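Just so you know, these numbers come straight off a predicted model, no measurement behind them.
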Amino acid sequence: ASRHQQNMIPLSTRAGIDLTRSAEALAYFYGRDYVLPEDVQEIFPFIAGHRLSTNQSGGRDYELGLAQQLLEEISVR
């Protein structure tokens, strides 16, 4: 969804890899050997928050709020 935003620099493939690994680690922390969608939703703002920035900022502002907003948009779909 970040690739379809006009005012946002999209997340990279590496962000997706980090999200996957972090969700797996979170599931392991909770005592499971499988990942639930809730694990991805819980960890997404922390993985994407420092990677998302607006085009106007030139990549200098890292906002957890942008990640949360993007997560909410994805969840609606």
What pairs with Tyr30 under side chain to side chain donor-acceptor pair (under 3.5 Å), at least two apart in sequence or on another chain?
Glu42
Identify the two heavy atoms, one from Ser22 and one from Ile43, that lie closest to each other, and give their separation to 0.1 Å.
CB-CG1, 3.7 Å
Kindly compute the distance separating CG (Asp18) from CZ (Phe44), expressed to the nearest 0.5 Å.
12.0 Å
Treating Ile, Leu, Val, Met, Phe, Trp and Tyr as nodes and any side-chain heavy-atom pair under 4.5 angstrom as an edge, say whether Tyr34 and Leu19 lie in one connected cluster.
no
Residues sharing Ile17's hydrophobic cluster, by side-chain heavy-atom contacts under 4.5 Å among ILVMFWY, directly or via others?
none
Side-chain heavy atoms nearer than 4.5 Å, only ILVMFWY residues, links allowed to pass through others: does that put Phe29 and Ile47 together?
yes
Scan for salt bridge (Lys or Arg N to Asp or Glu O under 4.0 Å) pairs involving residues 25-40, sequence neighbours excluded, and state none if there are none.
Arg32-Asp39
